[in-house]
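Just below is one structure, and these are the notes that go with it.
All figures in this text were calculated on a predicted structure; none of them were measured in a lab.
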Amino acid sequence: MSVREISVDEITKTIRRLCMESNTDLGDDVIEAYKKGLETEDSPVAKDIFRQYLENAKISKEEGIALCQDTGLAVVFVELGQDVHIVGGDLYKAIDEGVRQGYKDGYLRPSSLDPLTRKNFGDNTPAIVHIEMVPGDKLKLTVAPKGFGSENMSRVVLFAPAVGVEGVKKYIIQRVDESGPNPCPPVVVGVGIGGTFEKAALIAKKAITRPLGQRNPNPDIAKLELELLEEINKLGIGPQGLGGKVTAFDVHIETYPTHIASIPVAVNIQCHCDRHKEAVL
Amino acid sequence: MEESIRITTPLTDEILEKLNIGDRVLISGIIYTGRDAAHKRLVELVEKGEELPFDIKGQIIYYVGPTPPKPGMAIGSAGPTTSYRMDPYAPILMEKGLKGMIGKGSRGENVIEAIKKFKAVYFGATGGAGALISKAVKKAEVVAYEDLGPEAIRRLEVENFPVIVVNDIHGRDLYVEGKKKYRAL
């Protein structure tokens with residue numbers, strides 16, 4: 001089998017475009033969720049919030065003004081076909097250059113800084129890059145800018161096995177409840193169950209990029225997702241936490257085998273402004 | 001839908017006494033921006049007994065770090081950031097005369113107490129609606145801490161800036177009461 005060459009320039013160009021598009025163009029699934037929310041809510045305040053979300057998405061797309069001022073850290077998922085040969089430079093540098101250009105040319109906010117000195121780097125680099133090797137000769141890039149109002153509400157816990165499925169469910173519901181209005185609800189709840197400390201967090205993050213309404217292919221997990229969604233929407237938090245019936249748009253769970261001694265659980269909360277765009281090279 | 005209440009800054013006790021949780025309010029006039037790093041610096045000045053870079057009496061601080069403006073615009077995307085991070089600083093600023101805060105998300109007990117004690121108000125703006133909110137900002141200029149970039153203190157001239165009263169002078173909290181009404185667990 002032959003090896004396919006992809007140049008770093010093409011990667012930079014694509015990342016630049018995805019950074020700009022993801023921050024100004026919400027997916028149809030999210031727009032539909034806003035419309036459904038507007039119908040579901042009966043309080044005038046909650047309805048008004050959904051109207052604002054819809055209007056905001058329209059202005060953002062038409063005028064190219066970022067949906068949210070927190071244009072996030074640039075999280076980039078790379079699915080790298082094992083028959084791809086990247087030429088012309090360093091993949092990580094190519095991605096960072098795309099982020100640098102996209103954030104500058106798209107008038108997006110630079111939020112990345114040194115964690116201790118708090119000095120802002122001014123160009124929103126480095127990206128948070130996750131590379132996964134897959135079969136084939138394609139390269140898939142997903143840019144998911146992650147705002148930190150919702151990121152700050154996320155947690156990883158390593159439970160003792162005795163906690164069981166019921167304990168895990170209770171924890172996930174409690175995490176959304178305690179987050180209240182802070183993560184800009186309705187939220188998308190990304191859950192990773194299993195693996196190790198970091199694996200649970202990573203699969204929870206990736207779960208967020210799944211389209212709204214798409215279930216986990218395992219019917220038992222799919223059922224768990226729907227049960228959790230129903231319970232979370234009984235919490236009463238509602239859009240912006242002002243009270244209502246729609247607290248979450250969806251719950252996406254990913255699982256991975258783990259150790260006999262543990263149930264790692266990661267809950268990664270995503271705000272209503274559920275941004276991500278992908279491209280296949 | 002109920003009519004929104006229109007107010008003009010600076011805030012007076014007379015205005016604050018009229019506001020109740022759940023009220024939709026349209027703010028016009030001058031408001032100041034400030035978030036994490038700017039609050040830290042303001043409170044350091046208070047502790048040293050030095051002058052603040054703007055007269056805070058009767059003013060509103062909006063917790064926001066906007067995106068850079070596109071050419072021809074006053075400001076970029078400009079929705080609220082999560083407020084609890086400003087909780088350690090807010091009561092000290094209220095003691096100095098701050099009357100209003102705009103953000104999103106719950107405030108701590110210390111802030112809710114200070115809102116009652118010093119007669120102030122906490123407004124919620126719609127998080128994740130920064131493009132929409134930017135339309136209410138007519139002018140923006142940096143008045144302090146330019147080195148902080150998006151976190152610098154800006155003086156904004158706003159017209160009909162849409163907010164909801166979340167914590168009023170009576171110590172009530174819309175997040176608590178709104179959730180209670182719809183809770184089905």
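Remark: side-chain polar atoms of A:Q69 are paired, donor with acceptor, to backbone N or O of B:G79 under 3.5 angstrom. When atom types are taken as modelled, the side chain of B:T67 and the backbone of A:L108 share no donor-acceptor pair closer than 3.5 angstrom. The main-chain N or O of A:E63 is found under 3.5 Å from a side-chain atom of B:K70 such that the two form a donor-acceptor pair. With B:R183 contributing its side chain and A:G236 its backbone, the two residues share no donor-acceptor pair below 3.5 Å.
No other option in B:G124, B:S134, B:G130 has as many heavy-atom pairs under 4.5 Å with chain A as B:G130. With respect to chain A, the highest number of heavy-atom pairs below 4.5 Å among B:P80, B:S83, B:G103, B:G65 belongs to B:G65. Heavy-atom pairs under 4.5 Å with chain A were tallied for B:P68, B:P69, B:G149, B:G105; the largest tally goes to B:P68. Residue with the most contacts toward chain A among B:S77, B:P162, B:G178: B:S77 (heavy-atom pairs, distance under 4.5 Å).
Here the CD1-CD1 distance, from A:I65 to B:I133, works out to 12.0 Å after rounding to the nearest 0.5 Å. Rounding to the nearest 0.5 Å places CG of A:L67 at 11.5 Å from CG of B:L132. Going from atom CG of B:L148 over to atom CG of A:N120 covers 9.5 Å, rounded to the nearest 0.5 Å.
Environment of CD in A:E178: crowded, with over 12 heavy atoms of neighbouring residues, nucleotides or ligands closer than 6.0 Å.
Classification of B:K179 and A:D177 as a salt-bridged pair holds, one side-chain N sitting under 4.0 Å from a carboxylate O.
Across B:P150 and A:P110, no two heavy atoms sit closer than the pair CG-O, 3.9 Å. Among all heavy-atom pairs drawn from B:G127 and A:C184, the shortest one is CA-SG, 3.5 Å. Taking both residues in full, the closest heavy atoms of A:N182 and B:K104 are given as O-NZ, 2.8 Å, listed atom of the first, atom of the second, then distance. Across every non-hydrogen atom of B:P71 and A:Y107, the tightest pair is CD-OH, 3.2 Å. Here the closest heavy-atom approach between residue B:Y175 and residue A:Q240 is recorded as CE2-O, 3.4 Å.
Each of B:L174, B:T126, B:I21 was scored for a side chain to side chain contact (heavy atoms under 4.5 Å, CB included) with A:L242, with one residue passing: B:L174.
B:K135 touches chain A through its side chain: at least one heavy atom from C-beta onward sits under 4.5 Å away, while N, CA, C and O do not. Only the backbone of B:P66 comes within contact range of chain A, with at least one heavy atom under 4.5 Å from a heavy atom of that chain. Contacts between A:T71 and chain B at a heavy-atom distance below 4.5 Å involve the side chain alone, from C-beta outward. Contacts between A:S111 and chain B at a heavy-atom distance below 4.5 Å are absent for every atom of the residue. Contacts between B:A129 and chain A at a heavy-atom distance below 4.5 Å involve backbone atoms as well as side-chain atoms. Contacts of A:D105 with chain B are absent, with no heavy-atom separation under 4.5 Å from either backbone or side chain.
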Should A:L235 and B:L185 be marked as a side chain to side chain contact (heavy atoms under 4.5 Å, CB included) after you check the CA-CA gap, both sets of side-chain angles, and the distance that decides it? CA-CA 6 Å; A:L235 290 172; B:L185 281 180; 3.4 Å; yes
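Using modelled atom types and a 3.5 Å distance limit, the side chains of A:D42 and B:Y182 yield a donor-acceptor pair.
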